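Worksheet for the structure shown next.
All figures in this text were calculated on a predicted structure; none of them were measured in a lab.
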Amino acid sequence: MRFADIPAHPTVKAQLRQMVADGRVPHALLLKGPAGVGKFLLARAFVQLLHCSSPTPDGEPCDACPSCLQHKGFNHVDTQYVFPVVKTEKIKAPLSADFMEEFKSFMEASPYMDFDRWTADLGRATDKKNAQPVIYVNESEALERSMAISAARSAHKVAIIWLPEKMNEQTANKLLKLIEEPAEGSMFVLVSDNPSAILPTISSRCRPIEVNRLPDAVVADWLTVRLGMDPTDALSLAHIAEGDINRAVRTTDATSTSRMFFDLFVGLMRKAYMRDVAGLRQWSVDLTALGRESQVRFYDYCTRLIRENFVFNFNIPQITYLNREETQFSRNFARFIHEGNAERIMAQMDRASAEIAGNANGKIVNFDFAIKMIILIKN
């Protein structure tokens with residue numbers, strides 16, 4: 001993994017390169033920031049550069065020496081991965097090493113480290129579909145033994161710990177001892193989505209590096225290049241994902257659901273405009289049939305679309321995030337969303353969503369909301 005392969009984060013890359021160039025590598029490093037922004041990729045590039053025997057003049061691993069080739073195969077002799085795992089019927093005290101093959105496949109398939117996907121992968125591999133991955137105390141004990149052994153081919157033996165916040169207190173206390181009294185040449189690289197959940201004494205002994213959210217343009221470009229998405233649709237998705245590539249990919253996977261929500265939204269607005277009460281009654285039945293969770297998500301989608309249509313009226317494309325179909329519909333619809341009704345429409349959507357989530361009768365709630373839209377849409 002080279003820094004050049006990772007979008008954005010020029011300041012973080014410069015810091016990591018400088019550490020290696022100066023030979024001032026901390027014994028514990030904490031890369032922290034939002035999920036889906038590439039922190040784990042940065043950790044991998046940093047450790048590969050640290051072990052590379054022929055780094056390039058611009059601070060990149062050569063990608064060709066024996067150490068780099070081992071890193072590309074996730075099997076460098078002086079690099080250890082620690083990550084959350086689950087207990088099984090056969091493995092009562094699981095270690096990361098027990099699931100290394102699954103983790104290698106996961107790193108390749110989900111380079112931005114989608115924890116939900118990892119949980120699902122473990123569920124399929126172990127038949128523990130509802131288990132929540134954890135870093136168990138025996139992991140710290142095994143780490144203590146392995147890190148006590150000197151590096152075999154480099155000056156630094158490195159443990160990359162993904163999501164240290166998934167440790168319980170006992171596990172974290174044992175890791176703290178390792179960080180406080182590191183073996184010679186050992187180094188820990190912690191990668192956290194939620195640093196506030198890490199034991200404070202561990203955080204205080206690590207050199208922190210903040211990794212910020214990705215700009216929408218960077219996420220959109222990634223979606224366009226990697227997934228072949230239309231640039232307009234990609235930018236809309238990127239905005240919704242709030243800089244999280246994993247969230248953007250999950251949204252892409254749910255394209256059929258988004259299309260269904262769009263069709264329901266269009267149907268609602270057209271029937272409300274025409275005062276088609278019978279049609280709105282059937283619309284409420286159709287929406288209720290989707291189930292409680294989908295109804296709540298539908299109202300979230302509607303709230304976003306109302307907000308975007310209100311902004312659409314300003315005729316500033318740079319601040320509007322709609323895909324092509326939504327944009328085409330909004331050219332005629334946006335004029336019905338204005339200062340006089342936008343907030344009231346969204347308030348009714350929030351109310352309907354809350355009532356559905358609170359186990360209210362969906363047919364009644366949805367039909368009541370639909371009837372109110374007849375008045376609100378023409379105000």
Side-chain angles (χ1 to χ4, degrees), residues 1-3 6 9 12-33 38-55 59-62 65-68 70-83 95-97 100 103 107 113 135 139-167 171-192 195 198-199 201-211:
M1 175 57 60
R2 301 179 308 137
F3 289 113
I6 307 169
H9 308 308
V12 174
K13 293 175 184 177
Q15 284 181 274
L16 296 174
R17 286 178 172 130
Q18 199 61 49
M19 287 181 194
V20 178
D22 293 344
R24 295 182 179 180
V25 178
H27 70 276
L29 182 67
L30 173 60
L31 292 170
K32 58 181 183 176
K39 299 184 301 296
F40 197 80
L41 290 172
L42 291 165
R44 286 175 51 195
F46 168 72
V47 176
Q48 184 172 334
L49 178 62
L50 186 65
H51 288 154
C52 179
S53 59
S54 304
E60 291 281 6
C62 71
C65 69
S67 286
C68 284
Q70 287 180 7
H71 270 288
K72 290 169 75 172
F74 306 113
N75 58 5
H76 190 275
V77 67
D78 293 326
T79 304
Q80 183 171 346
Y81 294 95
V82 175
F83 45 88
L95 299 171
S96 300
M100 195 60 215
F103 194 66
M107 286 189 286
M113 309 300 284
I135 299 177
E139 189 80 66
S140 294
E141 296 166 353
L143 190 59
E144 182 178 14
R145 293 191 296 269
S146 65
M147 297 302 281
I149 302 172
S150 299
R153 295 187 178 179
S154 57
H156 297 87
K157 187 162 190 174
V158 183
I160 302 177
I161 304 176
W162 180 50
L163 303 183
E165 58 266 34
K166 298 297 180 180
M167 296 178 176
T171 310
N173 282 325
K174 285 185 174 291
L175 176 64
L176 174 62
K177 182 180 178 182
L178 290 177
I179 293 177
E180 287 181 324
E181 303 171 7
E184 185 176 354
S186 67
M187 182 187 181
F188 301 88
V189 180
L190 284 64
V191 182
S192 174
I198 300 174
L199 196 68
T201 46
I202 290 180
S203 298
S204 66
R205 285 160 176 79
C206 297
R207 176 167 175 177
I209 294 183
E210 191 79 35
V211 184

Ignoring hydrogens, what is the shortest heavy-atom contact between [X] and [Y]? Give both atom names and the distance.
| X | Y | value |
| --- | --- | --- |
| Phe46 | Met187 | CE2-CE, 3.3 Å |
| Gly59 | Arg17 | O-NE, 3.0 Å |
| Pro164 | Val191 | CD-O, 3.2 Å |
| Ile135 | Trp162 | CD1-O, 3.8 Å |
| Asn75 | Gln70 | OD1-O, 2.7 Å |
| Cys52 | Pro61 | SG-CA, 3.9 Å |

How long is the gap from [atom1] on [X] to [atom2] on [Y], to the nearest 0.5 Å?
| X | Y | atom1 | atom2 | answer |
| --- | --- | --- | --- | --- |
| Ile209 | Lys13 | CD1 | NZ | 13.5 Å |
| Lys174 | Glu144 | NZ | CD | 7.0 Å |
| His71 | Leu49 | NE2 | CG | 9.5 Å |
| Cys206 | Leu29 | SG | CG | 7.5 Å |
| Leu199 | Met167 | CG | CE | 10.0 Å |
| Lys177 | Thr201 | NZ | OG1 | 14.5 Å |

Sub-4.5 Å side-chain heavy-atom contact between [X] and [Y]:
| X | Y | value |
| --- | --- | --- |
| Ser67 | Ser53 | no |
| Met107 | Met1 | no |
| Met147 | Lys157 | yes |
| Ile198 | Ser192 | yes |
| Ser150 | Glu184 | no |

>> Assess the residue pair Ser96 and Glu139 against the criterion (side chain to side chain donor-acceptor pair (under 3.5 Å)); give the C-alpha distance rounded to whole Å, side-chain angles, the decisive distance to 0.1 Å, and a yes or no.
In response: CA-CA 7 Å; Ser96 300; Glu139 189 80 66; 2.7 Å; yes
>> Taking the basic N atoms (NZ, or NE/NH1/NH2) and the acidic carboxylate oxygens, is any pair closer than 4.0 Å for Glu180 and Arg205?
In response: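 Salt bridge: yes.
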> Relative to each other, are the rings of Phe40 and Tyr81 parallel, tilted or perpendicular (30° and 60° limits)?
Replying inline: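 It falls in the tilted class, 30° to 60°.
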I'd like to know if the side chain of [X] reaches the main chain of [Y], judged simply by a donor and an acceptor atom lying under 3.5 Å from each other, with no hydrogens or angles considered.
| X | Y | result |
| --- | --- | --- |
| His27 | Ile179 | yes |
| Glu60 | Phe3 | yes |
| His51 | His156 | yes |

>> Is there a side-chain contact (heavy atoms from CB on, under 4.5 Å) between Ile160 and Phe83? Walk through the geometry before answering.
In response: CA-CA 8 Å; Ile160 302 177; Phe83 45 88; over 6 Å; no
> Sequence neighbours excluded, which residues qualify as side-chain contact (heavy atoms from CB on, under 4.5 Å) partners of Lys32?
Replying inline: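 Leu30, Pro195, Pro208, Glu210.
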> Where do Leu190 and Ile202 land on the side-chain contact (heavy atoms from CB on, under 4.5 Å) test, with the steps shown first?
Replying inline: CA-CA 10 Å; Leu190 284 64; Ile202 290 180; 3.8 Å; yes
